[in-house]
Amino acid sequence: MAQIELPLVADNPKDIEELREEIGPLVHMDLLENLLNHARSRSLWPLTFGLACCAIEMMAAGAARFDLDRIGAGVFRPSARQADVMILAGTISRKMATPIKTLWDQMPSPKWAIAMGGCTIDGGPFKYPGQYAIVEGADKIVPVDVYVPGCPPRPEALFAALFKLEEKIRAGKKFNK
Amino acid sequence: MIADKLSLLVLDATEVKYDARGFHVQHTASPNILPQIADAFLSENFHLEMITCQDRRENDNAFRLIYQFNQYGTPQRHVIHADIVPDTAAPSIATIFPAADWYEREIFDMYGVTFDGHPDLKRILMEEDYFGHPLLKDFVDPPNPYRSEDGAS
């Protein structure tokens, strides 16, 4: 760690910023950050809400036969303030876009979004010339981390998406800041 | 009997083949007497099955409101057609058949037809600050952030 001679820079706060860039952060948090990311990836808490038929598969994934609890992602939170992951399961109608944006803003960072099914990828079967009712893709309203194709995807596909998301979190990428 | 009560109210009643059309009697009525018609059906223990609308401005300069009534027991489905002039209000039957409440809101939302005497006439399917009425024949949805820009829609 470099010694900073304070009298040299005290007059001009801009110099402090430049100096900080040169020497890097005074304390390195990498190990702690890795540990936190590991913990986060093993206890993803999804928000309890389903938009359409994909939600039925999401419920099946949470129930006994597939059991999301096995990977620590079965704690569906009834409040956005306690949730990490938003699983967008189903067609997003335009009237629902505003509440979803509100819920996303209510979730504390770090937070992630999974777009489940064809409708949330690009509108799916409801996308045609002149349609007025749906949002053509979840990425129009929230930043999506993992896309799950299928109509609807099997529970195994949702598991695969959660594993991908875990990988992404453990890789320590900075997103949704 | 419902036929006797209706004969005083409607302009025209035609018995149709149920197998071909899916209902038994078709009536044409003036929109002003829709509440009386609804009262007549209610007094004979009919229920409201649905209300819908057609945009016929191009040919007839009218919106056609279509009401369907049916009863338990002997099936007897009646269809009422009532044409209203664009930009005039139709009388609401929501106070007679509460089931009409959301149907009328839907017609208001999709076609812009207003209903006099409706308890809470506001949009039901589109967001409340939506600008137009999507099921009108001349409706065009302008570019908006919820649509893709790839030309597929």
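Residue numbering restarts at 1 for every chain, and letters A, B, ... go by the order of the sequence lines. Note that the structure is predicted; figures quoted are calculated from it, not measured.
More than 12 heavy atoms of other shown residues, nucleotides or ligands fall within 6.0 angstrom of atom NZ in B:Lys5. The number of heavy-atom neighbours closer than 6.0 Å to CG of B:Asp120, taken from other residues, nucleotides and ligands shown, is above 12. Summarising the local packing, CG of A:Asp105 is surrounded by more than 12 heavy atoms from other residues, nucleotides or ligands at distances under 6.0 Å.
Follow the hydrophobic side-chain contacts under 4.5 Å out from A:Met59 and you never reach A:Ile114; the two are in separate clusters. Hydrophobic cluster membership differs between B:Val85 and B:Phe115, with clusters built from Ile, Leu, Val, Met, Phe, Trp and Tyr side chains linked at under 4.5 angstrom. One hydrophobic cluster holds both A:Val148 and A:Phe76 under the rule that ILVMFWY side chains link at heavy-atom gaps under 4.5 Å. Linking Ile, Leu, Val, Met, Phe, Trp and Tyr residues whenever their side-chain heavy atoms come within less than 4.5 Å leaves A:Trp104 and A:Ile134 in two separate clusters. Residue A:Ile71 is grouped with residue A:Leu165 when hydrophobic side chains (ILVMFWY) are merged at heavy-atom distances under 4.5 angstrom, including chains of intermediate members.
Closest approach of B:Ser148 to A:Glu136, counting heavy atoms only: N-OE1, 2.8 Å.
The distance from the CD atom of A:Gln131 to the CZ atom of B:Arg147 is 6.5 Å, given to the nearest 0.5 Å.
Taking 4.5 Å as the heavy-atom cut-off, the residues of residues 125-137 of chain B that approach chain A are B:Leu125, B:Met126, B:Glu127, B:Tyr130, B:Pro134, B:Leu135, ordered by number. Listed in order of number, the residues of residues 81-103 of chain A that approach chain B to under 4.5 Å between heavy atoms are A:Arg94, A:Lys95, A:Ala97, A:Lys101.
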